[in-house]
Number of protein chains: 2
Amino acid sequence: MNASINNIRNKIAEKGLKVTPQRMSILEAIYNLENHPTVEQIIEFIRKKHPNIATGTVYKVLDTLVSNDLVKKVKTEKDIMRYDGLIENHHHLYCVVCDHIEDYMNAELDEILKRFFEENKIDNFIIEDIKLQINGRFIIHKNVNR
Amino acid sequence: MNASINNIRNKIAEKGLKVTPQRMSILEAIYNLENHPTVEQIIEFIRKKHPNIATGTVYKVLDTLVSNDLVKKVKTEKDIMRYDGLIENHHHLYCVVCDHIEDYMNAELDEILKRFFEENKIDNFIIEDIKLQINGRFIIHKNVNR
DNA sequence: TTTTAAAAGAGAATGATTCTCATTAAAGAA
DNA sequence: TTCTTTAATGAGAATCATTCTCTTTTAAAA
Ligand SMILES: [Mn+2]
Ligand SMILES: [Mn+2]
Ligand SMILES: [Zn+2]
Ligand SMILES: [Zn+2]
């Protein structure tokens, strides 16, 4: 998920969006921050190098990035919105202890699910995608507090 | 998921909670409302018969019900909290068109998942439960607007 | 360099949720 | 049944993340 400055510039430009320093730093922040950062964490990261960015701009840019499929929103059991720089469809491990969210990808699992739902059609419903929310606990936690 | 007045009273009492008219009507509302109602819908329903219930009380009671495992919170892609009267572990169909959420239960699927993760342990993580978020579209929608 | 539409900045507004504190009522004891 | 205690409720203020409004700035194309 690392991306160079030019990489980031291209991703934004490819969508036909104006390449602004704000958009660049927000996308850069999401790629650099731990995993699935909150808006608060994104703002904190950006203000190190770009102290005057407006809060409203961060929200607006995030919306733009989401609707252009450059980032995705991730919801937790709790009420905090998080953002995900990995846009390929994937699953998540949710730690009930420390709130850490980790990506989970497994092609075999996706194949099993695909087969299951081909054989078990749901009346009146067309599936577009399936995401697993795998709740549990890591043996070693990231931030024991909060 | 239907429950008589006495049923509801017992559910609350069994948890060692005081049986108040407010708690009764909120639990009754969740059982009676469509599917996975929002706080707004719950308040609207209750005020028909109990016009003076305070908004803060509804939030407080909902928290109490959730922490006593009488109802569950359900998150949507969007930013609206919903409540679920079905407390057994189950999956959800999310309609991307009309926001309707429908329960999905299938013992065979759960068995397949159980077996898969027994054979594919995740390093450093102990699974407690797995929920599928099945996104797609119903052929017939509930509320085409909103 | 100039033009122009889109984006950003500043700060007010919104709205769902939480908080505070005085009043009320459920549940158990007498 | 009445009393006592403690938790729950009501009313409205406070909070806080997010959105909105409006002015200024700027990226991109001419
Ligand atoms: Mn992810
Ligand atoms: Mn449900
Ligand atoms: Zn953890
Ligand atoms: Zn629908």
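What you see is a predicted model, and the numbers here were worked out from it, not measured in a lab. Protein chains get the first letters and strands the later ones, always in sequence-line order, with residue 1 at the start of each.
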S.K.: Could you tell me whether the side chain of Ile130(A) reaches within less than 4.5 Å of the side chain of Asp110(A), counting heavy atoms only?
M.R.: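 No, their side chains stay 4.5 Å or more apart.
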
S.K.: Starting from P on dA16(C), measure out to CE on Met81(A) and report it in whole angstrom.
M.R.: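 Computing the Met81(A):CE to dA16(C):P distance gives 15 Å.
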
S.K.: Expressed as a whole number of angstroms, how long is the span from Lys15(B):NZ to dA26(C):C1'?
M.R.: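 In whole Å, dA26(C) C1' lies 20 Å from Lys15(B) NZ.
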
S.K.: Any chain of hydrophobic side-chain contacts (each under 4.5 Å) joining Tyr94(B) to Leu132(A)?
M.R.: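 Tyr94(B) and Leu132(A): separate clusters.
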
S.K.: Does a side-chain N-to-carboxylate-O contact under 4.0 Å join Arg115(B) and Glu119(B)?
M.R.: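 No salt bridge links Arg115(B) with Glu119(B).
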
S.K.: Just say parallel, tilted or perpendicular for the rings of Tyr104(B) and His91(B), cut-offs at 30° and 60°.
M.R.: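 Ring orientation of Tyr104(B) relative to His91(B): tilted.
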
S.K.: Measure from CG on Leu17(B) to P on dG28(C) and round the result to the nearest Å.
M.R.: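 Going from CG in Leu17(B) over to P in dG28(C) covers 12 Å.
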
S.K.: Lys60(B) NZ to dA11(D) P: how many Å, rounded?
M.R.: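 Spelled out: NZ on Lys60(B) to P on dA11(D) is 13 Å.
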
S.K.: If I take atom CE in residue Met24(B) and atom P in nucleotide dT9(D), what distance separates them, rounded to the nearest angstrom?
M.R.: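 Nearest whole value for this atom pair: 13 Å.
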
S.K.: Please determine if a side-chain N or O atom of Gln22(A) lies less than 4.0 Å away from the OP1 or OP2 oxygen of dG9(C).
M.R.: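 The answer is yes; a side-chain N or O of Gln22(A) sits under 4.0 Å from OP1 or OP2.
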
S.K.: Kindly point out which of dA8(D), dA7(C), dT18(D) is positioned nearest to the side chain of Lys18(B)?
M.R.: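 When the side chain of Lys18(B) is considered, dA8(D) is the closest of dA8(D), dA7(C), dT18(D).
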
S.K.: Select base, sugar-phosphate, or nothing to describe what Thr57(B) touches, counting heavy atoms under 4.0 Å on all strands.
M.R.: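 Answer is base: heavy atoms of Thr57(B) come under 4.0 Å of a base.
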
S.K.: May I ask you to evaluate whether Thr20(B) reaches the phosphate of dA25(C), defined as a side-chain N or O under 4.0 Å from OP1 or OP2?
M.R.: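 No, no such contact exists.
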
S.K.: Please report, rounded to the nearest Å, how far the C1' atom of dA25(C) is from the CG atom of Asn52(B).
M.R.: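 From Asn52(B) CG to dA25(C) C1': 16 Å.
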
S.K.: Could you check Pro21(B) against Tyr59(B) and say which one's nearest nucleotide on DNA chain C is further toward the 5' end?
M.R.: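 Looking at the nearest nucleotide for each, Tyr59(B) comes out on the 5' side.
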
S.K.: What is the distance from CD of Glu40(A) to P of dC16(D), rounded to the nearest Å?
M.R.: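 In whole Å, dC16(D) P lies 11 Å from Glu40(A) CD.
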
S.K.: Nearest-Å distance, CD1 (Ile53(A)) to C1' (dT18(D))?
M.R.: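 The answer, rounded to whole Å, is 16 Å.
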
